[in-house]
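Within every chain, numbering begins at 1; the chains are lettered A, B, ... in the order of the sequence lines, protein sequences first and strands thereafter. No hydrogens, no waters, no symmetry mates; every other heavy atom, side chains included, goes into these values. Since the structure is predicted, the reported quantities are computational estimates derived from the model, not experimental observations.
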Amino acid sequence: MGIISSGFQGRRNRDDPGLPPGQHRAEDFPVLSAGPTPRIARADWEFRIVTETGTSRHWDWAAFLALPQEDITADIHCVTSWSKLGTHWRGVALDTLFDQIETTARFSLVHSYGGYTTNVPLADLLGGKAWIVHQFNGADLPSEHGGPARLLVPHLYFWKSAKWVRGLELTGEEIPGFWETNGYHAHGDPWREERYG
Amino acid sequence: MSSAWHIVDVVAVQEETATARTIGLRFPLPVRSLPGQHLDLRLTAPDGYQAVRSYSVASASPPDTLEITVEELPDGEVSPYLVRKLAVGDQLEVRGPVGGWFVWRPEDASPVQLIAGGSGVVPLMAMVRAHDQARHPAPFRLLYSVRDPESVYYRQELESLAGSSSGLAVDYVYTRRAPAGRPVGRLDARILASSVFGPEADPAVFICGATGFVETVSGWLVDSGYPPERIKTERYGGMGGTG
């Protein structure tokens, strides 16, 4: 593009290979939510996967913690242009949860406590690409960051990593979620700058 | 819809406070915008380095010109350039306006409660202005928490609107220093309850500010019986996403 701002230097992250195009590095952890933070007690929490045939499986907090736990280090990229590199999380891989699921669905609609939804293809959830996480930097995930548990899909823009996650609805057709029906991209790959729909 | 970058002309700059400036951007064509949306703005340095930031739109009139108000962040990369160096006659690349959630839609007849923390007033001012320009019958109320009198954005315009028959009422909370005779102190649940439409009025609520402010105020409202689905929030930085 031809518009050069001659007085603008910029100062950070030049040629930083961890940053997708149009992103800058955030040292803090900004909180972005569309509404009030839901407060969910772990005693009331459950996570449920409902398949395209209507069968479902769910885990309460104890059953969820009894599953194999993984430590994940990942870069996260928010569509508002901040990225946070090398974040540390702990949780359960979607692969582990799907070991107990029979499905041929290609898409999922992720549901959260509080009503938030986002759509993610199964191809982006499986194969070591996504987790349900409950710890951040070694501590319980704070509610403003999605606790008790949130989805973590670090290779997509962070609005896909739904906070306060409560379940997945598996579907044959892609059903747009909350931001995806409010002007944002259906897929959200930061390396391809899939920001807006 | 809005993923293309446009080249816009800087047609006006105006100081709002010692650290904030309103910038008028003229588009090549009229732009459709909803009050509450934001723009992405891209700067390119002479060596090709680019930086992108999101800024809320403050005003959308006349229809080919949008205004943003930018607060200079002490450690900012982009905002010091916009507040200190950018001049009328410069050009910028912008994308948008974007966002379909944190917006006021005039077809909604509900009373509207706006709650601003500091520079979070910017997208709410777009709603106030759209409400006034439409001579919209819905009652509007703005609660504006700010450090001191000198930090108030759009002061004269807000005073004028609040004193007119526009249907806008404005309450200020001064957290560090107040005009003579006015209390100083942070917003608390009691002041909040006395400064906003009650839950029985079923207002559409928009809150914008720093994270702690938005978290605290939205929590008080939910505890007081406002339905969470009637409360829309935006933290500094554009899209009220789920990052």
Which bit of Ser5(A) is near chain B, if near means a heavy-atom gap under 4.5 Å: side chain, backbone, both or neither? both

Taking atom types as modelled, find out whether Ser218(B) and Thr233(B) have a side-chain donor-acceptor pair closer than 3.5 angstrom. no

Please determine, among His77(A), Arg195(A), Glu193(A), the option with the most heavy-atom pairs under 4.5 Å with chain B. Arg195(A)

Leading residue by heavy atom contact count with chain A [cutoff under 4.5 Å; candidates Asp40(B), Val222(B), Asp90(B)]: Asp40(B)

Derivation and outcome, salt bridge (Lys or Arg N to Asp or Glu O under 4.0 Å), residues Lys160(A) and Glu180(A): CA-CA 10 Å; Lys160(A) 297 288 186 180; Glu180(A) 295 83 2; 2.7 Å; yes

Honestly, the part of Lys85(B) sitting under 4.5 Å from a heavy atom of chain A is side chain

Would you kindly say whether Glu234(B) and His38(B) are connected by a side-chain donor-acceptor distance under 3.5 Å? no

Pairing donors with acceptors under 3.5 angstrom, does anything connect the side chains of Glu52(A) and Thr104(A)? yes

